[in-house]
Amino acid sequence: MRYWLMKSEPDEVSIDDVAAARNKTVAWFGVRNYQARNFMREMRPGDQAFFYHSSCANIGIAGVVEIVGDAYPDATQFDAASPYFDAKATPATPRWDSVDIRHLRTTRLVPLAELRSHPELEGMRLLAKGSRLSVTPVEPAEWRFIEQRLLQES
DNA sequence: GCCAACGTTGGC
DNA sequence: GCCAACGTTGGC
């Protein structure tokens with residue numbers, strides 16, 4: 001099983017929105033970057049991800065979610081009324097994928113600046129200069145450090 | 001709102 | 001296939 005970090009703008013989908021889905025799952029969609037899409041295609045059911053709030057007042061890790069299924073074509077790419085519409089994508093030749101997630105827990109918010117302050121995390125893909133990917137892999141050692149050292153105090 | 005960094009497009 | 005121009009992301 002692998003670990004990931006998924007960004008979301010809480011104005012659109014927050015960790016509370018994922019939690020409110022209760023036993024149900026939430027579709028993660030709208031990714032329009034090939035590198036991020038390829039990471040989504042590597043995801044498998046049972047993988048876990050930090051749910052990260054971006055482009056908002058309180059930026060950082062806000063919770064933990066589980067991947068519940070393999071990637072599948074993102075329906076919004078075919079919807080001309082959607083901001084995520086892609087004229088070059090067709091159902092026969094889809095370009096973009098969604099993945100379903102489920103809420104595991106809401107944590108205290110671990111700010112981006114706090115992540116940056118720990119030398120143990122300096123290799124994190126999220127923290128790389130200029131990194132903008134909405135989905136990035138998290139190394140097991142990084143995952144454990146965050147889980148055990150930063151999230152225990154929630 | 002600014003701007004650095006990155007990805008994509010398209011002319012050649 | 002190069003690369004300049006443009007658009008987007010996302011932290012500050």
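Below, all heavy atoms of this structure are taken into account, side chains as well, without hydrogens, waters or symmetry copies. Below, chains carry the letters A, B, ... as their sequence lines are ordered, and counting in each starts from 1.
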For residues 50-66 of chain A, pull every pair meeting side chain to side chain donor-acceptor pair (under 3.5 Å), keeping only residues two or more places apart or in separate chains.
Glu66(A)-Arg102(A)

Residues two or more places apart in sequence or in another chain: which of them pass side-chain contact (heavy atoms from CB on, under 4.5 Å) with Glu122(A)?
none

Any chance you could pull the hydrophobic cluster mates of Leu109(A), using side-chain heavy atoms under 4.5 angstrom and chaining through other members?
none

Distances for protein N or O near nucleotides 5-12 of chain C N or O, under 3.5 Å:
unit_1	atom_1	unit_2	atom_2	d
dT8(C)	O2	Arg132(A)	NH1	2.6
dG10(C)	OP1	Lys7(A)	NZ	3.3
dG10(C)	OP1	Arg132(A)	O	2.4
dG11(C)	OP1	Tyr52(A)	OH	3.0
dG11(C)	OP2	Ser55(A)	N	3.0

Could you give the side-chain donor-acceptor pairs of residues 88-96 of chain A under 3.5 Å, partners two or more places apart or in another chain?
unit_1	atom_1	unit_2	atom_2	d
Thr90(A)	OG1	Ala92(A)	N	3.4
Thr90(A)	OG1	Thr93(A)	N	3.0
Thr90(A)	OG1	Thr93(A)	OG1	2.7
Arg95(A)	NH1	Asp86(A)	OD2	3.2
Trp96(A)	NE1	Asp86(A)	OD2	2.8

The complete set of salt bridge (Lys or Arg N to Asp or Glu O under 4.0 Å) pairs with one or both residues in residues 30-44 of chain A, sequence neighbours excluded, reads Arg2(A)-Glu42(A), Arg32(A)-Asp74(A), Arg41(A)-Asp97(A), Arg44(A)-Asp70(A)

For residues 131-141 of chain A, pull every pair meeting salt bridge (Lys or Arg N to Asp or Glu O under 4.0 Å), keeping only residues two or more places apart or in separate chains.
none

Residues of residues 80-90 of chain A with any non-hydrogen atom less than 4.0 angstrom from an atom of DNA chain B: list those, numerically ordered, please.
Lys88(A)

Distance-only donor-acceptor pairs under 3.5 Å for side chains of residues 8-15 of chain A, two or more places apart:
unit_1	atom_1	unit_2	atom_2	d
Ser8(A)	OG	Val13(A)	O	2.6
Glu12(A)	OE1	Tyr84(A)	OH	3.2
Ser14(A)	OG	Asp16(A)	N	3.2
Ser14(A)	OG	Asp17(A)	N	3.2
Ser14(A)	OG	Asp17(A)	OD2	3.3

